[in-house]
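Below is a structure I'd like to ask you about.
Numbering of ligands and ligand atoms starts at 1, following listing order. Keep in mind that the numbers below use all heavy atoms, side chains included, and drop hydrogens, waters and symmetry copies.
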Amino acid sequence: MTAIGGISVSILAGLTVLILTFLVIRYRTLLGKAEHALGDFSKRQMQAYEMAKHCQKDLRSCVRFMPAKVLIAGRHDRKFIQPSEALINWIETWSGKPETPDTLTSYLFSSDKYPGFFPVLKRRLKDGSIASGVFHDTLKVPFENSACQTEHSVNIRIDVLEGVVCVWFDSTADKQNQQSRERSDASVIRSILNETDLPTALESSSALLRCQLGNGVACSVSLLDGSAKTLKLVWSKGLDSTIRGSVARLPLVFGDSPSATALLTETSVRKAYNSPGVRREVRIMPESIVSWHSYPILSNDGDALGTVDFYLSDGVSAQLSDDAVGNFLFVVAVLLERKVAMSTIFRQARLDQAVKEVGQRLMVATDGASSSTLNECLIFLTTATPLSDGKIGIVYDFGSDEAETVGRLFEHSGDPETDQSAPRLSAVKAICADVIALQDGGMALETVLVESGSSTAAQLISELPICADSASATFFVCPLLLGRGQMGAIIFALPGDQIPDAAYGNIMDMVSPSIASYLSRENLLRELEKRANHDQLTGLLNRGCIEERLSSEIKRSNRYENELSVILFDIDHFKQINDQFGHDVGDEVLKQVARRAEASIRAVDLIGRWGGEEFLVILVETDLASAKHVAENIRRLIESDVYETNKPVTISAGVACYLGGDSSGSLVKRADIALYKAKDQGRNQVVTTT
Ligand SMILES: Nc1nc2c(ncn2[C@@H]2O[C@H](COP(=O)(O)OP(=O)(O)OP(=O)(O)O)[C@@H](O)[C@H]2O)c(=O)[nH]1
């Protein structure tokens with residue numbers, strides 16, 4: 001029993017192992033199949049996704065604007081069919097309206113594609129149950145360049161002609177249809193407003209018109225070009241190139257009367273079109289245009305930005321609804337306002353950058369670069385403003401009564417006889433005083449516009465040579481201020497009655513501090529240079545400088561074999577003047593003698609203070625005899641002058657001329673010996689030496 005029991009247990013255990021093994025194998029097989037099926041499924045899902053993407057693209061290129069008029073598809077193979085003449089005739093009879101291939105909109109239609117696209121029609125085509133009659137269907141239309149899709153409820157009339165299915169859409173929208181359109185318009189507008197490229201955005205916006213541009217309807221957008229006073233065509237659709245060309249730049253008649261623009265556009269287009277040699281490949285021919293609608297594009301503030309023009313040709317059944325046009329105009333206005341705002345921002349940014357650059361150059365300008373730096377400022381001013389046709393000038397250094405002018409406004413003459421700077425300066429000073437008075441009066445106004453015809457303008461015209469040929473001019477006067485001091489002024493002038501935009505005043509306000517600091521730096525440099533090379537009491541060249549100049553003149557004489565002479569003169573008994581009248585009077589006598597001597601030599605000659613009451617004159621290209629003559633002149637002039645001492649002042653002079661091999665020291669030494677001789681012979685005389 002026990003043995004039998006043991007055998008039974010072993011058999012039972014074996015069976016259990018077998019069953020378990022079978023179950024595991026079975027489970028693995030099922031798992032493998034499931035995995036395979038899952039992989040297959042995701043592969044097919046990917047294919048379907050790719051297909052859907054492809055279909056969507058295909059559909060977008062086929063379906064553009066709603067409502068469509070006619071859909072033509074093969075009854076059996078459901079392929080797109082080109083409308084033949086017979087078919088068009090048939091459609092005309094059927095719809096009661098004249099048709100051309102252009103006026104029919106044909107859509108490729110395939111029942112396998114486009115889920116949700118005419119589902120009822122698709123079903124009927126598929127099962128062959130299609131028959132003439134009217135039924136309700138839906139149409140999902142994606143918008144080009146947009147992720148939006150709209151669903152339209154349409155009534156479809158079907159007729160069957162020898163294997164061709166023609167569908168006539170009922171374009172009268174029901175209430176639901178209208179609501180869904182409004183919703184889709186809003187989303188289209190939102191997506192268009194994200195578009196930065198104006199033509200692309202306008203292209204998408206034209207979907208809002210709900211008519212097929214090019215099929216008897218054309219549209220153009222023209223922008224107002226403020227300065228040129230013209231309308232510039234920026235976008236058009238459905239227009240022939242001939243018309244586009246003539247609309248491209250129209251003189252402006254825009255304003256309160258947009259119809260005037262339309263009239264002008266129409267006249268000019270027709271004229272251009274009828275000129276000989278124009279090819280007439282048009283979708284909208286000028287002679288076929290029966291109605292012309294011109295709408296002003298208005299900004300938020302009510303400013304006119306341009307026009308939107310619609311051209312409808314003969315026999316077009318498409319109606320432009322006020323809503324559709326209104327939406328389109330709204331989008332166009334927003335796009336244009338944004339464009340204007342963007343260009344203002346960019347312009348401002350460019351200006352800021354330029355001002356910064358000019359400012360930086362001014363900071364690091366070295367001596368050699370200084371005049372080019374100022375030129376950069378002037379070029380910047382003339383190019384950053386539309387005043388480049390006018391002229392710019394700068395008058396500065398009001399403090400020292402020296403009008404120095406830069407730029408193209410004033411021709412500063414170095415000749416004192418013909419120098420007209422004094423009256424100009426007083427005129428500009430008078431105007432700047434007005435400007436400062438305005439500022440003190442609490443007005444943040446730095447730049448004044450002197451309007452053409454005002455008495456100030458008349459004064460400026462008479463004082464400044466700029467407008468000698470102009471009866472009237474408008475001036476922009478921008479004072480150059482440093483702290484509260486006036487350095488001078490920048491003046492722009494525009495001949496005639498042109499009134500520049502206030503923005504240009506802002507540009508000048510921005511640049512003028514840079515120019516003012518540049519000019520003050522120039523003044524400072526000049527002052528430093530003066531101090532380094534000039535004697536403080538007399539203003540003549542100092543000893544170091546006149547010695548340097550003498551060395552270079554000797555080199556020049558050596559090279560070119562020019563004559564060169566020097567005069568060394570000394571005031572007679574100057575100690576007595578000091579002793580008798582005091583040092584102050586002695587100083588005044590020194591200054592007066594220096595002025596007299598300086599006035600009696602040529603501009604090319606040089607004079608410097610050699611020592612206490614000793615002066616050296618360098619006479620270039622002058623022989624000994626002529627030099628003696630000059631020395632006599634100086635002596636006579638000084639002797640004949642009247643001094644605070646009420647006594648005549650005399651000088652003694654020694655004259656020497658350059659001999660080959662002379663150094664500055666040896667030349668002056670010979671002049672000094674001659675001077676000593678003059679003193680020795682009784683003073684108040686000139687002695688020469690070779
Ligand atoms: N007031 C004034 N006096 C000066 C200046 N520089 C030098 N002197 C004076 O000029 C005088 C020169 O005197 P001297 O060298 O004796 O010569 P002098 O009196 O002119 O006599 P002669 O040259 O021989 O005719 C000195 O008394 C100096 O102090 C100056 O800048 N101002």
Salt bridge (Lys or Arg N to Asp or Glu O under 4.0 Å) pairs, two or more places apart, involving residues 677-689: Asp570-Lys679, Asp572-Lys679
Which residue and non-hydrogen atom of the protein lie closest to atom 12 (C) of ligand 1, and at what distance in Å? Glu613 OE2, 3.4 Å
Students should be able to answer this: which protein heavy-atom is nearest to atom 16 (O) of ligand 1, and at what distance? Lys575 CD, 3.9 Å
Does ligand 1 have a heavy atom under 4.0 Å from the side chain of Asn578, from its backbone, from both, or from neither? side chain
How long is the span from the CG atom in Leu667 to the CG atom in Asp662, to the nearest 0.5 Å? 5.0 Å
Before signing off on this row, confirm whether Phe574 and ligand 1 have an N or O atom pair separated by under 3.5 Å. yes
Can a salt bridge be assigned to the pair Lys591 and Glu588 using a cut-off of 4.0 Å between side-chain N and carboxylate O? yes
Side chain, backbone, both or neither: which part of Asp570 has a heavy atom under 4.0 Å from ligand 1? side chain
Just do the side-chain contact (heavy atoms from CB on, under 4.5 Å) check on Ile634 and Val630 with the steps written out, would you? CA-CA 6 Å; Ile634 295 174; Val630 175; 4.1 Å; yes
In this structure, atom 32 (N) of ligand 1 is nearest to the protein heavy atom Asp587 OD1, 2.8 Å
I'd like to know if the side chain of Ser664 and the backbone of Glu547 have a donor-acceptor N/O pair within less than 3.5 Å. no
Tell me which one of Leu541, Ile546, Asp672 satisfies side-chain contact (heavy atoms from CB on, under 4.5 Å) with Trp610. Ile546
For Gly586, the ligand 1 atoms with a heavy-atom partner under 4.0 Å come out as 1 (N)
Nearest neighbour in protein (non-hydrogen) for atom 24 (O) of ligand 1: Arg683 NH2, 3.0 Å
Purely on distance, is any nitrogen or oxygen of Leu590 under 3.5 Å from one on ligand 1? no
Atom indices of ligand 1 within 4.0 angstrom of Asp572 heavy atoms, with elements: 25 (O)
Examine ligand 1 and decide if any of its atoms is less than 4.0 Å from a heavy atom belonging to Arg609. yes
The closest protein heavy-atom partner of atom 7 (C) of ligand 1 is Gly612 CA, 3.6 Å
With side-chain contact (heavy atoms from CB on, under 4.5 Å) as the test, would you mind laying out the steps for Leu590 and Leu537 before giving the verdict? CA-CA 8 Å; Leu590 276 172; Leu537 180 72; 3.7 Å; yes
Any protein heavy atom sitting closer than 4.0 Å to atom 30 (C) of ligand 1? yes
Checking salt bridge (charged side-chain N to carboxylate O under 4.0 Å, His left out) against Glu553, which of Arg549, Lys555, Arg556 comes through? Arg556
Of all the non-hydrogen atoms in the protein, which one sits nearest to atom 22 (P) of ligand 1, and at what distance? Lys679 NZ, 3.4 Å
With a cut-off of 4.0 Å, which atoms of ligand 1 are near a heavy atom of Ile571? 20 (O), 23 (O), 25 (O)
For residues 612-620, which side-chain N or O atoms pair as donor and acceptor with protein atoms under 3.5 Å away, sequence neighbours left out?
none

Starting from atom 25 (O) of ligand 1, find the nearest protein heavy-atom neighbour and note its residue, name and distance. His573 N, 2.7 Å
Test Phe569 against Val593 for side-chain contact (heavy atoms from CB on, under 4.5 Å), laying out the working first. CA-CA 11 Å; Phe569 71 85; Val593 166; 3.9 Å; yes
